[in-house]
Amino acid sequence: MSDHPFAIAANSNAVSQAPTGGEYVIDRLFRAFALIAASLLILLVGYIIWKIGGQALPAIRDYHLDFLTTSTWNVQEKKFGILPGIWGTLYSSLLALLIGGFFGLTVAIFLTQDFLPKRLAFLFRLVIEMLAAIPSVVFGLWGIFVVIPAIRPAANWLNEHLGFIPFFGSSLSGPGLLPAAIVLAIMILPTVAAISQDALNSVPYRTKEAAYGMGATKWEVILKVMVPTAAGGIFSAMVLGFGRALGETMALAMLIGNSNQVTLSLFAPAETLAALLASHFPEAGPVEVQALMYAALVLLAITLIVNIAGIGLLTLTQRRISGKA
Amino acid sequence: MSTESAYLDMSIATGKAPSLAHSWSEGRALVNVLLTIGAWAVALLASIPLVSVLYMLTVEGGSRLSLELFTELPPAGFETGGGFGNAIVGTLVMVAIAAAISIPVGVLAAIYLSELGPNSKLGQASRFLAKVLTGFPSILAGVFVYAVVVLAMGTYSATAGGIALAILMLPTVVLTAEEALKMVPRKMKDAALGIGCTRTQMIWKVVLPTALPGILTGVMLGVARVSGESAPLLFTALFSNYWLSRLNEPTASLSILIFNFSSMPFENQIQLAWAASLVLVLIVLVFNIASRLLGRPKY
C-alpha cells in the first residue's frame with residue numbers, strides 16, 4: 001500500500017495534507033456511486049434483453065419458430081409470422097450497404113488521400129457529418145417528396161423493358177424497397193465514411209511513402225497499399241454501417257410501404273422488422289403486442305450480433321495497428 | 001513492367017537519366033486519371049442529398065414559417081392555418097428529461113471508466129456495452145420503455161418518452177466524456193494526488209474542470225442526437241393535440257408530428273410537416289454547432 005495516495009500524503013510537508021475522516025468517507029461514497037453508474041450500463045443491457053425476452057415469452061410459446069418462417073400477419077385469426085420482416089430488413093440493409101458502403105469508402109479515400117486542399121476537405125467533411133445530423137423522420141419526408149418522384153420514371157422504364165429480371169419485376173407506384181434502400185444508404189454513409197477515414201488515417205505515413213517511392217501511381221498506392229492495410233477498419237465500418245441500417249426505423253416506416261410480402265423486386269413495397277413495430281405497435285391489442293415483442297426480440301438479436309461483431313473487429317484491428325507502431 | 005525496363009536499358013545506353021513522369025499514354029496513368037475523375041464524381045454525388053434536403057427545407061418549410069407556428073395547436077383535417085407550438089414544447093421537455101437522467105449517470109460512469117477502473121473487468125465490460133448501445137435500434141428503446149414504464153404507469157407520458165431518449169443518449173455521453181477525461185494530462189492528476197487529495201477531490205477539483213469543454217461536447221452531441229429521434233417516442237409519449245400540462249399524459253413532439261402529417265392527404269398538413277422539419281433540423285443543428293464550438297477533441 002506504499003504507493004497509495006493516502007500513504008504518500010501521510011508523509012506530508014507544508015503543502016500536502018492527509019485527508020480527514022470526512023473526506024475519506026466522501027471519497028468512498030463517490031467512488032461507490034461511480035461504480036454503480038458503470039454497472040448500470042451493464043444492468044441496463046441485461047434488463048433490456050430480459051424484459052423484451054420476458055414479454056415475448058408467451059408469443060414464443062404460442063408460435064414457436066414458425067413465427068420466423070411464415071408470412072401472415074392476421075390479428076383476428078391470431079396468426080403471426082415475420083418472414084417478410086426479416087427478409088425485408090436484411091434485403092434493404094444489404095442494398096443500403098452496397099450503395100452506402102461504396103460511397104462511404106470512396107468519400108473516405110477522397111477526404112484522406114490529398115485530393116482536396118485542407119480547408120476544402122474540412123468543409124466537405126462537415127457536409128458529410130451534417131448528413132448524420134438530419135433526423136430520420138426528415139429523411140423520410142424528403143424520401144416521399146423527392147426520392148420517389150425522382151426515381152419513378154427510371155424504375156418504371158426498367159420494369160417495362162427488363163421486367164423479366166426478378167429485380168425489376170414490378171412497377172414503382174409509390175413507397176417501395178429501392179427508395180427505402182437509397183435513403184438508408186444516405187443515412188449510413190456518414191458512419192461508414194467516418195470509421196473508414198479513421199482506419200485510413202491510422203496507416204503509417206511511411207507505408208504510403210514507400211509505395212510512392214517505388215513509382216506507384218496515386219491510385220495504385222490507394223488501392224494496393226492503403227486500402228488493404230486499412231482493410232480491418234474498413235470492414236468493421238461496413239459491419240457497423242450494416243448494423244445501423246438494420247435498426248433504422250422511421251425513414252423505412254415512411255418509405256418501404258409496409259406490405260407483408262417476400263419479394264425480390266426492387267420496386268415492390270416490402271416490410272422491415274423495425275417498420276413493422278413502428279406501424280403496428282401504437283394500435284395493437286394485447287395479443288398483437290406479444291407477437292410484436294417476439295419480433296422486437298428477433299430484431300434485438302440480429303442487431304446485437306452484428307454490432308458486437310463490428311465493435312469486436314474494430315477493437316481487434318485497432319489493437320493490432322497500435323501494437324505494430 | 002516491360003516499358004520500365006525498356007526505359008532503363010535506354011537510359012543506360014544513352015547515359016541520360018530516365019524520365020520519372022508517368023506518360024499519358026501509359027495504361028496505369030490513364031487508369032489513375034479516370035479513377036480520380038470517378039472519385040470526384042462520387043464525392044459530388046454524395047453531397048447532393050444534403051443540398052437537396054436543405055433546399056427542400058428552406059423552400060417548402062421556409063415559405064410557411066411564421067409566428068403562429070410557434071403559438072398555435074396542430075390543425076385538424078380540413079382546417080387551414082395552425083401551428084405546432086405544443087410539439088416544440090413537448091420535444092424540449094422530453095429532451096430535458098433525457099438530459100437530466102443521462103448526464104449524471106453518463107458522466108459518473110465515464111469517471112469510473114477513465115479514472116477509477118479503466119482496465120477492470122467491470123470497466124471493460126461496461127465500455128464495450130456502451131459501444132454496443134450506440135448501435136442499439138432506437139425503436140427497441142421504445143419497446144423496452146413501453147414494457148417497463150408505460151405498462152406500469154398505465155398511460156403514455158412525457159416521462160416515458162424522456163426515459164426512452166435517455167437510453168439512447170447515455171452511450172454518447174459516456175463515450176465522449178470518457179475520451180475528454182482521458183485527455184487530462186497524467187501529471188495534473190499525479191500532482192493533485194501528491195499533495196494529498198483523495199481521488200474524489202482530484203476528480204472534482206482538477207479533472208472535471210479541465211475536461212469540462214470535452215464533456216459538454218459529448219452532452220451536446222447526445223442532445224442533438226436524441227432531439228431528432230421519433231421511433232422511441234411513437235408508443236411511449238404518443239402524441240397529443242393539446243398543450244402539455246402534466247408530465248404523465250400523452251405528449252406531442254416535432255418528430256411524431258412530421259411522421260403523422262407526412263401521410264395525410266391535406267396540403268396544409270404537408271406544409272406544416274415541412275415547416276416542422278425545418279424547425280427540428282434547426283434545433284438539432286444548434287446543438288450540433290454548440291458541441292463543435294465547445295471544443296472538438298484534437299486528433
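On a predicted model such as this, the values are computed, not experimentally measured, just so you know. Here is the naming used below: chain letters follow the sequence lines, and residue numbers restart at 1 for every chain.
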Among the listed options [options], the residue most often paired with chain A at heavy-atom distances under 4.5 Å:
options: Ser263(B), Pro49(B), Gly228(B), Gly142(B); result: Pro49(B)
options: Met56(B), Glu115(B), Gln201(B); result: Gln201(B)
options: Ile270(B), Val174(B), Leu57(B); result: Ile270(B)
options: Ser277(B), Gly106(B), Ser230(B); result: Ser230(B)
options: Leu221(B), Leu113(B), Val148(B); result: Val148(B)
options: Leu129(B), Leu234(B), Ile139(B), Leu116(B); result: Ile139(B)

With only heavy atoms counted, which part of [X] is less than 4.5 Å from chain A, the side chain, the backbone, both or neither?
X: Leu140(B); value: both
X: Val145(B); value: neither
X: Leu285(B); value: side chain
X: Ser52(B); value: both
X: Leu170(B); value: side chain
X: Leu278(B); value: neither
X: Trp204(B); value: side chain
X: Leu122(B); value: both
X: Ala224(B); value: neither
X: Val284(B); value: side chain
X: Ser120(B); value: neither
X: Asn288(B); value: side chain
X: Tyr146(B); value: side chain

| field | Residues that Arg127(B) engages under salt bridge (charged side-chain N to carboxylate O under 4.0 Å, His left out), provided they are two or more places apart | value |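 If we apply the salt bridge (charged side-chain N to carboxylate O under 4.0 Å, His left out) test to Arg127(B), skipping adjacent residues, the hits are Glu178(B).
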| Below 4.0 angstrom, N of the basic side chain to O of the carboxylate: do Glu23(A) and Arg28(A) qualify? |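 Arg28(A) and Glu23(A): not salt-bridged.
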For a quick test of your reading: what N or O donor-acceptor pairs under 3.5 Å do the side chains of residues 33-42 of chain A make, sequence neighbours left out?
residue	atom	partner	partner atom	Å
Ser39(A)	OG	Leu35(A)	O	2.5

| Of the listed residues (Ile48(A), Ile186(A), Ile311(A), Val45(A)), which shares the most heavy-atom pairs with chain B below a 4.5 Å separation? |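 Sorted descending by pairs with chain B, the first entry is Ile48(A).
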| message | At a heavy-atom distance under 4.5 Å, which candidate from Asn307(A), Thr191(A), Leu111(A) has the highest pair count against chain B? | response |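 Maximum pair count with chain B is reached by Asn307(A).
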| So, for Phe115(A) and Trp219(A), is the gap between ring centers shorter than 6.0 Å? |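 Between Trp219(A) and Phe115(A), which both carry aromatic rings, the centre distance is below 6.0 Å.
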| query | Can the ring centroids of Phe235(B) and Tyr156(B) be said to lie less than 6.0 angstrom from one another? | reply |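 That pair fails the under 6.0 Å test.
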| said: If we count only N and O atoms by modelled type, under 3.5 Å, do the side chains of Glu60(B) and Gln271(B) hold a donor and an acceptor together? | reply: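 No, Gln271(B) and Glu60(B) have no side-chain donor paired with an acceptor closer than 3.5 Å.
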Check each atom of [X] against the heavy atoms of chain B and say whether the ones under 4.5 Å are side chain, backbone, both or neither.
X: Leu223(A); result: side chain
X: Lys51(A); result: side chain
X: Gln55(A); result: side chain

| field | For Leu131(A) against Ala46(B), the heavy-atom pair lying closest together | value |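 Heavy atoms only, the tightest pair is CD1-O, 4.2 Å.
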| query | Can you name the closest pair of heavy atoms from Ser236(A) and Leu314(A) and give their distance? | reply |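 It is OG-CD1, 3.2 Å.
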| message | Take a 6.0 Å sphere around OH of Tyr55(B) and say whether it holds more than 12 heavy atoms from other residues, nucleotides or ligands. | response |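 At most 12 heavy atoms, drawn from other residues, nucleotides or ligands, come within 6.0 Å of this atom.
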| Do the side chains of Pro135(A) and Val281(B) get nearer than 4.5 Å, heavy atoms only? |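 Counting from C-beta outward, Val281(B) and Pro135(A) do come under 4.5 Å.
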| query | Can you list the steps and then say if Glu229(B) with Ser138(B) is a side-chain hydrogen bond (donor to acceptor under 3.5 Å, both in side chains)? | reply | CA-CA 8 Å; Glu229(B) 280 291 354; Ser138(B) 54; 3.3 Å; yes
| Which residues share a side chain to side chain contact (heavy atoms under 4.5 Å, CB included) with Ile308(A), sequence neighbours left out |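 Ile308(A): side chain to side chain contact (heavy atoms under 4.5 Å, CB included) contacts with Phe128(B), Val132(B).
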| query | Counting a contact as any heavy-atom pair under 4.5 Å apart, which residues of residues 138-145 of chain A contact chain B? | reply |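 Within residues 138-145 of chain A, the residues that come under 4.5 Å of chain B (heavy atoms only) are Val138(A), Phe139(A), Leu141(A), Trp142(A), Ile144(A), Phe145(A).
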